[in-house]
Amino acid sequence: MASLEARTNGISNNHIEIPIHANGVEPKPSQGVEEIDYSQRGQWLRAAVLGANDGLVSVASLMMGVGAVKEDISAMLLAGFAGLVAGACSMAIGEFVSVYTQYDIEMALIKRQSETNNNNDEEAQREKLPNPFQAALASALAFSVGALVPLLAAVFIRNHKIRMGVVAAVASLALLVFGGIGAVLGKTPVRRSCVRVLIGGWMAMAITFGLTKLIGSSGI
């Protein structure tokens, strides 16, 4: 009896557990990591769509404003190109400063936690932090992509009225596309998002056109 107990204890202390999974499907330990990666990727894509939308509205409004007082195509294109360069630089610098500030705050927090808990995974946590240079480059590229839409729409049209109409129409179509993509990525109602983005873009172009026309007509 004693030997049986000894053998039983030996088995219980050195036993090997064999996991049995339903339907022969094994769990995926990396599933959580993949979900985090997809979530971060979705945030980057959504930020890129918003940056492209900013570039589209800014440059289209600027070109409409210049077109309100000048019929020369060169003036519209130069104004649009200047807006593209200035906007891309502004977005890049703003994103760099913002992300770098976040980076400094999170690094200080990681160091305090490492000193308090004696953790040695500071390098691993550092690698997960956002890169300010990548964020600045992505923001500038996204803005430039959106800003190129009205520029390309106007570059080959010589008639002033047709050019203004084409810029407004192409910008409106692009606003609907960006609004739809942003809604899908943000998991919000697509129709409502498209209408909201479209109305916002129309307001920006109309206000810029109207105020520039008013100031240009007054001779200031």
Side-chain angles (χ1 to χ4, degrees), residues 39-95 98 135-216:
S39 176
Q40 293 177 351
R41 190 178 303 174
Q43 292 177 0
W44 276 94
L45 288 173
R46 190 167 183 271
V49 172
L50 293 176
N53 185 79
D54 289 342
L56 170 65
V57 173
S58 299
V59 173
S61 300
L62 184 60
M63 293 177 66
M64 294 293 290
V66 173
V69 294
K70 288 187 175 292
E71 297 186 0
D72 186 11
I73 186 175
S74 299
M76 285 186 66
L77 294 179
L78 285 174
F81 181 75
L84 185 156
V85 175
C89 292
S90 177
M91 293 285 289
I93 294 171
E95 191 73 12
S98 176
L137 180 61
S139 182
L141 288 176
F143 186 94
S144 300
V145 169
L148 281 173
V149 174
L151 281 171
L152 293 177
V155 68
F156 299 112
I157 302 177
R158 296 297 173 182
N159 186 278
H160 174 67
K161 292 182 178 180
I162 296 177
R163 187 191 320 119
M164 295 285 285
V166 169
V167 169
V170 171
S172 300
L173 180 61
L175 285 170
L176 289 174
V177 173
F178 291 154
I181 296 175
V184 172
L185 294 176
K187 296 181 179 180
T188 59
V190 176
R191 181 178 300 179
R192 184 182 303 174
S193 177
C194 291
V195 171
R196 182 169 57 243
V197 171
L198 181 60
I199 293 177
W202 281 352
M203 289 179 62
M205 289 186 287
I207 291 172
T208 306
F209 179 89
L211 290 178
T212 308
K213 186 74 172 179
L214 179 62
I215 295 175

Item to check | Point-to-point distance, once rounded to the nearest 0.5 Å, from OG of Ser193 to CG of Leu185 | outcome: 10.0 Å

Next on the checklist: Would Leu176 and Val197 count as a side chain to side chain contact (heavy atoms under 4.5 Å, CB included) here? Give the steps.
Outcome noted: CA-CA 7 Å; Leu176 289 174; Val197 171; over 6 Å; no

Next on the checklist: Show the nearest heavy-atom pair for residues Met64 and Val167, with the distance to one decimal.
Outcome noted: SD-CG1, 4.1 Å

Checklist outcome for this item: In terms of heavy-atom contacts, Ala204 and Val57 come closest through CB-CG1, 3.6 Å

Checklist entry - If only atom types and distance count, is the side chain of Ser90 paired as donor or acceptor with the main-chain N or O of Ala86 below 3.5 Å? => result no

Checklist entry - Which value, rounded to the nearest 0.5 Å, describes the distance between Leu77 atom CG and Leu84 atom CG? => result 12.0 Å

Checklist entry - How about Val170 and Pro150: do any of their side-chain heavy atoms sit closer than 4.5 Å? => result no

Checklist entry - Are the side chains of Met76 and Lys70 in touch, meaning some heavy atoms are under 4.5 Å apart? => result no

Checklist outcome for this item: Value for CZ (Phe209) from CG (Leu214), rounded to nearest 0.5 Å, stands at 11.5 Å

Checklist entry - Which pair of non-hydrogen atoms, one from Ala171 and one from Met205, has the smallest distance, and what is that distance? => result CB-SD, 4.1 Å

Next on the checklist: With rounding to the nearest 0.5 angstrom, report the CH2 to CD1 distance, Trp202 to Ile207.
Outcome noted: 14.5 Å

Item to check | Student check: side-chain heavy atoms of Phe143 and Ser58 closer than 4.5 Å | outcome: yes

Checklist entry - For Ala140 and Ala88, which heavy atoms make the closest approach, and how far apart are they? => result CB-O, 3.7 Å

Next on the checklist: By the side-chain hydrogen bond (donor to acceptor under 3.5 Å, both in side chains) test, which pairs, at least two apart or in different chains, include something from residues 149-169?
Outcome noted: His160-Arg163

Checklist entry - Counting N and O atoms only, with roles assigned by atom type, does the side chain of Thr212 sit under 3.5 Å from a partner on the main chain of Thr208, one being a donor and the other an acceptor? => result yes

Checklist entry - Nearest 0.5 Å, what's the CG-CE distance between Leu141 and Met91? => result 11.0 Å

Next on the checklist: Testing the basics here: between Leu56 and Ala174, what is the closest heavy-atom pair and its distance to 0.1 Å?
Outcome noted: CD2-CB, 3.5 Å

Next on the checklist: So, taking the atom named CG in Leu198 and the one named CE in Met203, what distance separates them when rounded to the nearest 0.5 Å?
Outcome noted: 12.0 Å

Item to check | Shortest non-hydrogen contact from Ala154 toward Met63 | outcome: CB-CE, 3.7 Å

